[in-house]
Amino acid sequence: MTSDSYLTPNPRCTNCGGELAPALLACPSCRALIHAPELKALAAEAELAETEKRHTDALTAWRRALTLLPTDAKQHQLVLQRVQEISTNRMGLSAEAARENASPDTPSAAGQNKRKGKWAGLAGLAALLAKFKWAILFALGKGKLLLTGLLQLKTLFSMLLVLGLYSRSYGWQFALGLVISIYIHEMGHVASLRHFGIPASAPMFIPYVGAFVRLKQYPATPAEDARVGLAGPIWGTAAAVGAIALGLLFHSATLLAIGRMGAWINLFNLVPIWQLDGSRGFTALTQKQRMVVALVLWVLVLCGIDGIFIAIAAVATYRAISKGNAPATGDRPVLATYLALAVGLALIVAFAKAEGIG
């Protein structure tokens, strides 16, 4: 039997003395903030980080403050606005918007008609990659982050479980390469989330489904969400290219097959539907930009590279013509990133098909 003497009394508001339930963020009587001292400390930490240009640390502190503020409080709106401002400045969207107003929507259209010959596709890809070089540079030097994820027991255990199951179906070498490719894809999301100061778990693997990262806080803007979403395919594409390069170097059919499968998986993730990465990328695109994506995808369909492009193009077309929640102002770096991924992955799959891989 439990005696009342063992029950811990609920805390009381330091302002009015009213009793407080454990989950409350503000006193129901006087609306005083329960975590006021911690909020002041976080605000000071964030402001210092901003002064020292440690933007990721500033975003982390401000986002932590958001979790301690009621969503209907004025302070919550002010902090959220600050998070959005820092994030927007980091992505350089103001400068990008200025360039968008000063230039036509498709600046490379005239030049594309002049590109002919064997390397035309690669030249176009290089031009697109240049538009989001920030993502490539950010992805470099993240080997330490990849190793850090493996130190999480839940991640490592789920990886080993999936590896054991896949090995029975595909052999341990192909299974290992596939698991590593998926892991790199997911760590791309983790790296981007950390870049924006958003706490998240390490990847968890689900047999015959893939893997996921659990967000402990959602992105504050569509631009953030789109970059976090497309970071996975960016890292995954790099993994596919690396596997194919190693396969060519060492004449390994297994590595070549891993690269081919990795490219296809990342293509599947570009389908702009449900919770897939492509859908998150579309959140930052206007209807006009979505139509541009759809047209490019239909061109890839006509090239007969892979049937997956039919699904991607069909869903992209639906998203473009439907009256959805497309923003009024588009995000051109996200548009360039999506197109670069689609074209780049198409080139990888076409190369693999030509070489008889997979």
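Computed from a predicted model, the values in this text were never measured in an experiment.
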Check [X] against [Y] and note the closest heavy-atom contact, atom names and distance.
| X | Y | result |
| --- | --- | --- |
| I348 | A263 | CG2-CB, 3.7 Å |
| Q217 | R64 | NE2-N, 4.4 Å |
| F205 | S158 | N-OG, 3.2 Å |
| A202 | T155 | CB-OG1, 3.1 Å |
| A65 | V79 | CB-CG1, 4.4 Å |
| K216 | S201 | CE-N, 4.4 Å |

Students often mix this up, so state it plainly: with edges at 30° and 60°, are the rings of Y166 and Y170 parallel, tilted or perpendicular?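 Perpendicular.
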Under the side chain to side chain contact (heavy atoms under 4.5 Å, CB included) criterion, do I198 and E224 qualify, and how do the steps go? CA-CA 10 Å; I198 303 173; E224 275 189 0; 3.9 Å; yes
Answer yes or no: is there a donor N or O on one side and an acceptor on the other, between the side chain of [X] and the main chain of [Y], under 3.5 Å?
| X | Y | answer |
| --- | --- | --- |
| H189 | V228 | yes |
| Q289 | T286 | yes |
| Y183 | M159 | no |

State plainly whether one hydrophobic cluster holds both [X] and [Y], where clusters connect Ile, Leu, Val, Met, Phe, Trp and Tyr through side-chain heavy atoms under 4.5 angstrom apart.
| X | Y | answer |
| --- | --- | --- |
| M291 | Y318 | no |
| W172 | F174 | yes |
| L295 | V334 | no |
| L165 | V179 | yes |
| F351 | F250 | yes |

Any side-chain heavy-atom pair from [X] and [Y] closer than 4.5 angstrom?
| X | Y | answer |
| --- | --- | --- |
| I312 | P272 | yes |
| P70 | L33 | yes |
| Q173 | I258 | no |
| E355 | L256 | no |
| R194 | V190 | yes |
| L270 | P233 | yes |
| P327 | T329 | no |
| F268 | L276 | yes |

Go through the steps to decide whether Q84 and T221 satisfy the test side-chain hydrogen bond (donor to acceptor under 3.5 Å, both in side chains), and finish with yes or no. CA-CA 7 Å; Q84 293 171 339; T221 65; over 6 Å; no
Atom OH of Y208: over 12 foreign heavy atoms under 6.0 Å: yes
So H55 and N89, side-chain hydrogen bond (donor to acceptor under 3.5 Å, both in side chains) or not? Walk me through it. CA-CA 10 Å; H55 302 298; N89 290 337; over 6 Å; no
When rounded to the nearest 0.5 angstrom, what distance separates [atom1] in [X] from [atom2] in [Y]?
| X | Y | atom1 | atom2 | value |
| --- | --- | --- | --- | --- |
| L176 | S181 | CG | OG | 9.0 Å |
| L267 | L297 | CG | CG | 9.5 Å |
| L160 | L153 | CG | CG | 10.5 Å |
| L230 | F282 | CG | CZ | 10.0 Å |
| R63 | F196 | CZ | CZ | 8.5 Å |
| Q81 | I86 | CD | CD1 | 11.0 Å |

Set out, in order, the CA-CA distance, both residues' side-chain angles and the distance that settles side chain to side chain contact (heavy atoms under 4.5 Å, CB included) for H195 and R90, then state yes or no. CA-CA 10 Å; H195 179 69; R90 294 205 74 186; 3.2 Å; yes
Taking distance alone, no hydrogens or angles, what donor-acceptor pairs closer than 3.5 Å link side-chain atoms of residues 42-51 to residues at least two apart or in another chain?
residue : atom : partner : partner atom : Å
E50     : OE1  : R82     : NE           : 3.2
E50     : OE1  : R82     : NH2          : 2.3
E50     : OE2  : W62     : NE1          : 2.7
E50     : OE2  : R82     : NE           : 3.3
T51     : OG1  : E47     : O            : 2.9

Step-by-step salt bridge (charged side-chain N to carboxylate O under 4.0 Å, His left out) determination, R227 to D331: CA-CA 10 Å; R227 283 162 174 76; D331 193 326; 2.6 Å; yes
List the steps and the verdict of side chain to side chain contact (heavy atoms under 4.5 Å, CB included) for W235 and L146. CA-CA 11 Å; W235 282 48; L146 291 174; 3.8 Å; yes
Does F212 sit in a hydrophobic cluster with other residues, and if so which ones, taking ILVMFWY side chains as linked at heavy-atom separations under 4.5 Å, directly or through other members?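 Traced through the cluster, F212 reaches M204, I206, V209.
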Checking I265 against L178 for the side chain to side chain contact (heavy atoms under 4.5 Å, CB included) test, could you report, in this order, the C-alpha distance in whole Å, the side-chain angles of both residues, the deciding distance, and whether it holds? CA-CA 10 Å; I265 290 174; L178 185 59; 3.5 Å; yes
Are T317 and R290 close enough that a side-chain donor and a side-chain acceptor fall under 3.5 Å? no
